[in-house]
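Have a look at the structure below before the remarks.
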Amino acid sequence: MTAVLEIGRGEFTFCAAHTGLHRGGFEPLHGHTFVVTVRVAGKIDTAGMVTDFGVVKTALRDAIAPLRRRTLVATQADGVEVQTTAGQVRFGHDGKYYDLPAGDVALLPLANTTTEALAAYLLDQLDHVLPQPDLEWVELTLAEAPDVAATVRKALR
């Protein structure tokens, strides 16, 4: 028998700011209260479990922690400059720049900080706990508002 285990919401909610390229321009810096949900599908084992949800919860907490109350900056965005000097991060595009303390910024190896890209980034952070033989797929949903969410899915076999 196959089952889907869902972990999320509650403690897996975090606030963060971001900006990025949108329709050729650099959108205003703004924030969201992001809500993360992970779903894992697989066979129920002899102990009656799909996987140890405690391990997944710990990995999810670890993935979210560096993003919590930070400004999320994509370091691989075409046309966006990112500079770090003297404990500051300066980032911007086409004459519009932000200067923030480095401790308030999470520099991410992404091309943009869209909801889709952030969801994929978070799912990638769970890779080390998911390669289990009876798991079929994992998906992560990241909601940036009650009416906007992105879901990414990865086949595990």
Side-chain angles (χ1 to χ4, degrees), residues 4-41 51 53-132 135 137-156:
V4 177
L5 179 63
E6 184 172 288
I7 300 162
R9 297 177 291 281
E11 71 175 289
F12 303 108
T13 298
F14 68 99
C15 297
H18 73 130
T19 183
L21 293 175
H22 185 67
R23 296 184 180 169
F26 204 50
E27 67 182 347
L29 183 64
H30 63 284
H32 299 284
T33 298
F34 291 100
V35 179
V36 183
T37 305
V38 173
R39 293 169 41 121
V40 180
T51 189
F53 67 82
V55 172
V56 178
K57 287 175 96 171
T58 297
L60 190 53
R61 274 187 214 104
D62 292 346
I64 291 170
L67 310 182
R68 204 178 288 279
R69 290 188 239 61
R70 298 290 182 270
T71 298
L72 311 179
V73 176
T75 61
Q76 298 175 358
D78 285 339
V80 175
E81 296 175 49
V82 180
Q83 301 169 345
T84 56
T85 55
Q88 291 290 116
V89 175
R90 183 172 207 248
F91 59 97
H93 169 75
D94 199 26
K96 182 178 184 179
Y97 292 91
Y98 297 96
D99 290 293
L100 296 172
D104 291 350
V105 177
L107 297 172
L108 303 175
L110 302 173
N112 211 340
T113 56
T114 62
T115 305
E116 301 89 342
L118 291 169
Y121 171 80
L122 286 169
L123 183 57
D124 284 345
Q125 303 308 298
L126 303 180
D127 271 354
H128 67 285
V129 299
L130 296 172
Q132 299 172 29
L135 294 181
W137 55 261
V138 60
E139 69 181 21
L140 186 142
T141 300
L142 181 67
E144 69 171 39
D147 61 341
V148 178
T151 300
V152 291
R153 180 183 276 209
K154 182 182 288 188
L156 297 174

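Excluded from the calculations below are hydrogen atoms, water molecules and symmetry mates; all remaining heavy atoms, backbone and side chain alike, are included.
- The side-chain contact (heavy atoms from CB on, under 4.5 Å) search around Ala63 returns Leu122, Gln125, not counting sequence neighbours.
- Considering only heavy atoms from C-beta on, Leu108 comes within 4.5 Å of Leu67 through its side chain.
- In this structure, the separation between CD1 on Ile7 and OG1 on Thr51 is 7.5 Å, given to the nearest 0.5 Å.
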Practice problem: Could you walk me through whether Val4 and Trp137 pass the side chain to side chain contact (heavy atoms under 4.5 Å, CB included) test, one step at a time? | Solution: CA-CA 9 Å; Val4 177; Trp137 55 261; 4.1 Å; yes
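- Between Thr75 and Pro109 the shortest heavy-atom distance is OG1-CA, 3.6 Å.
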Return all side-chain donor-acceptor pairs below 3.5 angstrom for residues 25-38, not counting sequence neighbours, or 'none' if the list is empty.
unit_1: Glu27; atom_1: OE2; unit_2: Gly20; atom_2: N; d: 3.4
unit_1: His30; atom_1: ND1; unit_2: His18; atom_2: O; d: 3.4
unit_1: His30; atom_1: ND1; unit_2: Pro28; atom_2: O; d: 2.8
unit_1: His30; atom_1: NE2; unit_2: His18; atom_2: NE2; d: 3.1
unit_1: His30; atom_1: NE2; unit_2: His32; atom_2: NE2; d: 3.2
unit_1: His32; atom_1: ND1; unit_2: Glu144; atom_2: O; d: 3.3
unit_1: His32; atom_1: NE2; unit_2: His18; atom_2: NE2; d: 3.2

Quiz item: Checking side chain to side chain contact (heavy atoms under 4.5 Å, CB included) for the pair Leu107/Thr84: CA distance, chi angles, key distance, verdict?
Solution: CA-CA 10 Å; Leu107 297 172; Thr84 56; 3.8 Å; yes
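- The list of ring pair (Phe, Tyr, Trp, His ring centres under 6.0 Å) pairs with a residue in residues 67-91, not counting sequence neighbours, reads Phe91-Tyr98.
- Proximity of a side-chain donor or acceptor of Asp104 to a complementary backbone N or O of Thr71 within less than 3.5 Å is not detected.
- With sequence neighbours excluded, no residue forms a side-chain hydrogen bond (donor to acceptor under 3.5 Å, both in side chains) with Lys57.
- With sequence neighbours left out, Tyr97 forms a ring-ring contact (aromatic ring centres under 6.0 Å, His included) with no residue at all.
- How far CG of Leu21 is from OG1 of Thr114: 11.0 Å, rounded to the nearest 0.5 Å.
- Considering only residues two or more places apart in sequence or on other chains, Arg39 meets the salt bridge (Lys or Arg N to Asp or Glu O under 4.0 Å) condition with Glu6, Glu139.
- The salt bridge (Lys or Arg N to Asp or Glu O under 4.0 Å) check on Arg90 picks up Asp99, with sequence neighbours excluded.
- A distance of 11.0 Å separates CZ of Phe12 from CG of Leu140, quoted to the nearest 0.5 Å.
- With sequence neighbours left out, the side-chain hydrogen bond (donor to acceptor under 3.5 Å, both in side chains) criterion links Asp124 to Lys154.
- Contacts of Arg69 classified as side-chain contact (heavy atoms from CB on, under 4.5 Å), with partners at least two apart in sequence or in another chain: none.
- To the nearest 0.5 Å, atoms CG (Leu156) and CG (Asp127) are separated by 8.5 Å.
- Leu110 is listed as a side-chain neighbour of Leu118, based on a closest heavy-atom distance under 4.5 Å.
- With sequence neighbours excluded, the residues satisfying side-chain hydrogen bond (donor to acceptor under 3.5 Å, both in side chains) with Arg61 are Glu11.
- Applying the side-chain contact (heavy atoms from CB on, under 4.5 Å) test to Ala111 and every residue at least two apart in sequence or in another chain returns nothing.
- Applying the side-chain hydrogen bond (donor to acceptor under 3.5 Å, both in side chains) test to Gln76 and every residue at least two apart in sequence or in another chain returns nothing.
- Going from atom CG of Asn112 over to atom OG1 of Thr19 covers 8.5 Å, rounded to the nearest 0.5 Å.
- Atom CD of Glu81 and atom CG of Asp94 lie 10.0 Å apart (nearest 0.5 Å).
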